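Note sheet for the following structure.
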Amino acid sequence: MSVPSLGTGPGRALVAVYGLFALAAGARASVQILTRFEEAPLAYSLSAFAALVYVLLTVALVRGARRLALAALFVELAGVLVIGTLSVLDPAAFPEATVWSVYGKGYLFIPLVLPLVGLYWLLLRRR
């Protein structure tokens, strides 16, 4: 008996949003790293890391890899909270915004809400 994918039913919307964020953050970070990395290496590297987390989450949700998805969701939530707080307390440390700067303000605060929705979905789909 196969385990239904976490990306089925309403989870498809979650997969779609994570896929879109993976694409958006990855494209943005790629352009920034390739064209002006020396301007803000920390910010651009953090955006690339966020994109990798989003790719990992998309794949984990589609494949039903619950533990991997949970771990990635906690990494994402920690990243948003830590980077968000640091970018508010010391804006000079982030001369360019990351996906997680100011708790995802540049992305309508979706990066702050998304891991909470993901955790809710995973806990709801628990056996």
Side-chain angles (χ1 to χ4, degrees):
M1 178 176 197
S2 67
V3 176
S5 171
L6 297 169
T8 60
R12 287 183 186 187
L14 195 58
V15 169
V17 173
Y18 271 116
L20 181 63
F21 266 71
L23 182 63
R28 176 182 177 180
S30 296
V31 168
Q32 291 170 327
I33 288 170
L34 291 172
T35 61
R36 50 195 174 131
F37 183 73
E38 65 284 346
E39 292 176 21
L42 176 62
Y44 299 153
S45 297
L46 287 170
S47 287
F49 177 73
L52 290 174
V53 171
Y54 293 142
V55 168
L56 184 65
L57 272 162
T58 304
V59 172
L61 290 169
V62 168
R63 292 183 172 239
R66 180 177 305 282
R67 285 188 202 165
L68 180 60
L70 272 171
L73 284 165
F74 281 116
V75 167
E76 178 192 9
L77 183 58
V80 172
L81 294 175
V82 170
I83 300 306
T85 301
L86 290 174
S87 64
V88 168
L89 296 177
D90 187 10
F94 298 90
E96 292 288 329
T98 73
V99 176
W100 295 336
S101 291
V102 192
Y103 309 105
K105 180 181 177 184
Y107 288 87
L108 305 174
F109 298 101
I110 294 170
L112 179 61
V113 175
L114 201 53
L116 299 174
V117 172
L119 288 167
Y120 174 77
W121 177 247
L122 279 168
L123 295 175
L124 183 71
R125 301 280 298 186
R126 187 169 49 177
R127 287 193 228 172

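All values derive from a computational prediction rather than experimental measurement. The chain is numbered in sequence order, starting from 1. All heavy atoms count here, side chains included; hydrogens, waters and symmetry mates do not.
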Membership question, hydrophobic clusters at under 4.5 Å side-chain separation (ILVMFWY): are Leu68 and Val117 in the same one? no
Give me the atom names and distance for the closest heavy-atom approach of Val99 to Ala25. CG2-CB, 3.7 Å
If you round to the nearest 0.5 Å, how far is CG of Leu70 from CG of Leu123? 6.5 Å
Over 60° means perpendicular and under 30° means parallel, so tell me whether Tyr54 and Tyr18 are parallel, tilted or perpendicular. tilted
Which atom pair, heavy atoms only, marks the closest approach of Ala97 to Ala43? O-CB, 4.4 Å
Where is the tightest heavy-atom contact between Ala69 and Leu57, given as atom of each residue plus distance? O-CD2, 3.5 Å
Test side-chain contact (heavy atoms from CB on, under 4.5 Å) applied to Leu77 and Val82, Leu114, Leu116, the passing residue: Leu116
Could you check whether atom CZ of Phe74 has more than 12 heavy atoms from other residues, nucleotides or ligands sitting under 6.0 Å from it? no
Tyr120 and Leu14: side chain to side chain contact (heavy atoms under 4.5 Å, CB included), yes or no, with the steps? CA-CA 11 Å; Tyr120 174 77; Leu14 195 58; over 6 Å; no
In one Ile/Leu/Val/Met/Phe/Trp/Tyr side-chain cluster, 4.5 Å: Val80, Tyr44: no
Do the ring planes of Phe21 and Tyr107 sit parallel (below 30°), tilted (30 to 60°) or perpendicular (above 60°)? tilted
Would you name the heavy atoms of Ala48 and Ile33 that are closest together and state the gap between them? CB-CD1, 3.9 Å
Grouping I, L, V, M, F, W and Y whenever their side-chain heavy atoms are under 4.5 Å apart, do Ile110 and Val113 come out in a common cluster? yes
Ignoring hydrogens, what is the shortest heavy-atom contact between Pro111 and Glu76? Give both atom names and the distance. O-OE2, 3.9 Å
Main-chain N/O of Thr98 paired with Ser101 side-chain donor or acceptor, under 3.5 Å: yes
Going hydrophobic residue to hydrophobic residue with side-chain gaps under 4.5 angstrom, can you get from Leu34 over to Phe49? no
For residues Leu112 and Leu81, determine if any side-chain heavy atom of one lies less than 4.5 Å from a side-chain heavy atom of the other. yes
Quick one: do Phe94 and Trp100 satisfy side chain to side chain contact (heavy atoms under 4.5 Å, CB included)? Show the steps, please. CA-CA 11 Å; Phe94 298 90; Trp100 295 336; over 6 Å; no
If every non-hydrogen atom of Phe109 is compared with every non-hydrogen atom of Val102, which pair is closest and at what distance? CE2-O, 3.4 Å
Looking just at side-chain N and O atoms, do Ser87 and Tyr103 make a donor-acceptor pair shorter than 3.5 Å? no
According to a hydrophobic-cluster definition based on side-chain heavy atoms being under 4.5 Å apart (Ile, Leu, Val, Met, Phe, Trp, Tyr only), do Leu61 and Leu52 belong together? no
